Amino acid sequence: MATLELSGLTKRFGGLLVVDSLDLTVAEGEIVSLIGPNGAGKTTVFNLISGVFAPDEGDILLDGSSIVGLPRHEIARRGVARTFQTLRVFLNMTVAENVIAAEYASGKVGAVRSFFGTPAARAEAARMRAVAEERLRFFGERLIGYRLDQPAYSLSYANRRRLEIARAMATGAGLLLLDEPAAGMNPAETQEITRLIGELRDDAGYTILVIEHDMHVVEGISDRVVALDHGVKIAEGSFEDVAADPAVIEAYLGTGGAATK
Ligand SMILES: Nc1ncnc2c1ncn2[C@@H]1O[C@H](COP(=O)(O)OP(=O)(O)OP(=O)(O)O)[C@@H](O)[C@H]1O
Ligand SMILES: [Mg+2]
């Protein structure tokens, strides 16, 4: 199960009110998109949910229990995984190692065992690799086969984004927070990631909150859209309703450009 409920969520940085009394829910199995101009506070919302910062006011309920004040690893252990706007894959580790590390870091597989070289350790390593491969298979052939053992620095930008999602999946989370998954992708890759995000919910059962600037992606994946401007929710509803909302159009025009189409 994975449901998320933000109520009255507020965060200030110095004198700047960055998230302002935000109410937002994501129901089990729902895909909700968080949109808004640059600096609207979207990534800060992710940082609050994942425990990077504590909110100044308000509450965050995960499956009905507050997670405010919990350390990041505990929030991750309870089933929240995220990707980053600026990628955080380990460039010097291989593709497989990146996914295996995420699985260990989730705390769901216990501490790294220290009896290297024993048959039990080898069996465990083989099992972890098989699990990693299974996660990566979600992206078709792109990250398996010979790529499993290639360092992440050798991957294309789009493949690094895919690898980050595989790392989030490997933590065993039920709730995925995806920060601009299509950023830097070409149109074909963008179409593919739009389809994959739908499959993450339909086939893999994730509940998803996604930040995205590309309105084709938002239109393609969202059950609901929430628009932020200066930390305030200015619109909420279907993609069609939010995209046509005068306050949303004004917010994007006010920053000198419409949402990227
Ligand atoms: N750690 C921080 N310390 C101080 N100010 C911050 C911090 N993180 C974010 N801010 C400020 O909070 C505001 C919201 O930033 P945030 O990164 O959440 O916006 P965003 O909606 O994700 O924007 P973008 O679309 O550009 O990614 C900005 O004014 C930013 O400068
Ligand atoms: Mg951001």
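What you are looking at is a predicted structure, and each value in this text was computed from that prediction instead of being measured. Numbering of ligands and ligand atoms starts at 1, following listing order.
When all heavy atoms of Val210 and Ile221 are compared, the pair lying nearest together is CG1-CD1, 3.5 Å. Shortest non-hydrogen contact noted between Arg78 and Ser65 is NH1-CB, 4.4 Å. Here the closest non-hydrogen pair linking Thr190 and Ala182 is CG2-CB, 4.1 Å. When every heavy atom of Val19 is checked against every heavy atom of Gly41, the shortest pair comes out as CG2-O, 3.9 Å.
Environment of CD in Glu240: crowded, with over 12 heavy atoms of neighbouring residues, nucleotides or ligands closer than 6.0 Å. Under a cut-off of 6.0 angstrom, the local environment of CD in Glu192 is crowded, with over 12 non-hydrogen atoms contributed by other residues, nucleotides or ligands.
Of the protein's non-hydrogen atoms, the one nearest atom 23 (O) of ligand 1 is Gly39 N, 2.8 Å. Among protein heavy atoms, atom 25 (O) of ligand 1 sits closest to Lys42 NZ, 2.8 Å. Among protein heavy atoms, atom 18 (O) of ligand 1 sits closest to Thr44 OG1, 2.6 Å. Looking only at heavy atoms of the protein, atom 26 (O) of ligand 1 is closest to Asn38 ND2, 3.0 Å. Nearest to atom 4 (C) of ligand 1 among the protein's heavy atoms is Phe13 CG, 3.4 Å. Protein heavy atom closest to atom 27 (O) of ligand 1, with residue, atom name and distance, is Gln85 NE2, 2.7 Å. In this structure, atom 29 (O) of ligand 1 lies nearest to the protein heavy atom Leu16 CD2, 3.7 Å.
Residue contacts with ligand 1, taken as heavy atom pairs separated by less than 4.0 Å, involve Thr43 via backbone and side-chain atoms alike. At a heavy-atom cutoff of 4.0 Å, ligand 1 is contacted by no atom of Val45, backbone or side chain.
Each of the atoms 25 (O) of ligand 1 lies under 4.0 Å from some heavy atom of His213. The ligand atoms of ligand 1 that sit less than 4.0 angstrom from a heavy atom of Glu180 are 25 (O), 27 (O).
The shortest N or O to N or O distance between Val18 and ligand 1 is not below 3.5 Å.
A cation-pi arrangement is not found for Arg160 relative to Tyr157, the charged atom failing to lie both closer than 6.0 Å to the ring centre and inside a 45° cone about the ring normal.
Judged purely by distance below 3.5 Å, without hydrogens or angles, the side chains of Gln85 and Thr43 pair a donor atom with an acceptor atom.
Under a 4.0 Å heavy-atom criterion, Gly36 is not in contact with ligand 1. Using 4.0 Å as the threshold, Phe53 has a heavy atom nearer than that to some atom of ligand 1.
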Considering only distance and modelled atom types, tabulate donor-acceptor pairs under 3.5 Å from the side chains of residues 146-153, sequence neighbours left out.
from, atom 1, to, atom 2, distance (Å)
Arg147, NH1, Arg142, O, 2.8
Asp149, OD1, Arg129, NH1, 2.9
Asp149, OD2, Arg129, NH2, 3.2

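Using a 4.0 Å threshold on non-hydrogen atoms, atom 31 (O) of ligand 1 does not count as touching the protein.
Taking 2.8 Å as the limit, the number of protein N, O or S atoms around the Mg ion (ligand 2) is 2.
Each of Arg72, Arg82, Lys11, Lys42 was compared with Asn47 under the side-chain hydrogen bond (donor to acceptor under 3.5 Å, both in side chains) criterion, and only Arg82 meets it.
Between Leu209 atom CG and Arg224 atom CZ the span is 9.5 Å, to the nearest 0.5 Å.
Note: Phe13 and Phe53 meet the aromatic proximity criterion, with ring centroids under 6.0 Å apart.
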Please test Ser7 against Asp23 for side-chain hydrogen bond (donor to acceptor under 3.5 Å, both in side chains), starting from the C-alpha separation and ending with a verdict.
CA-CA 4 Å; Ser7 57; Asp23 296 334; 5.2 Å; no

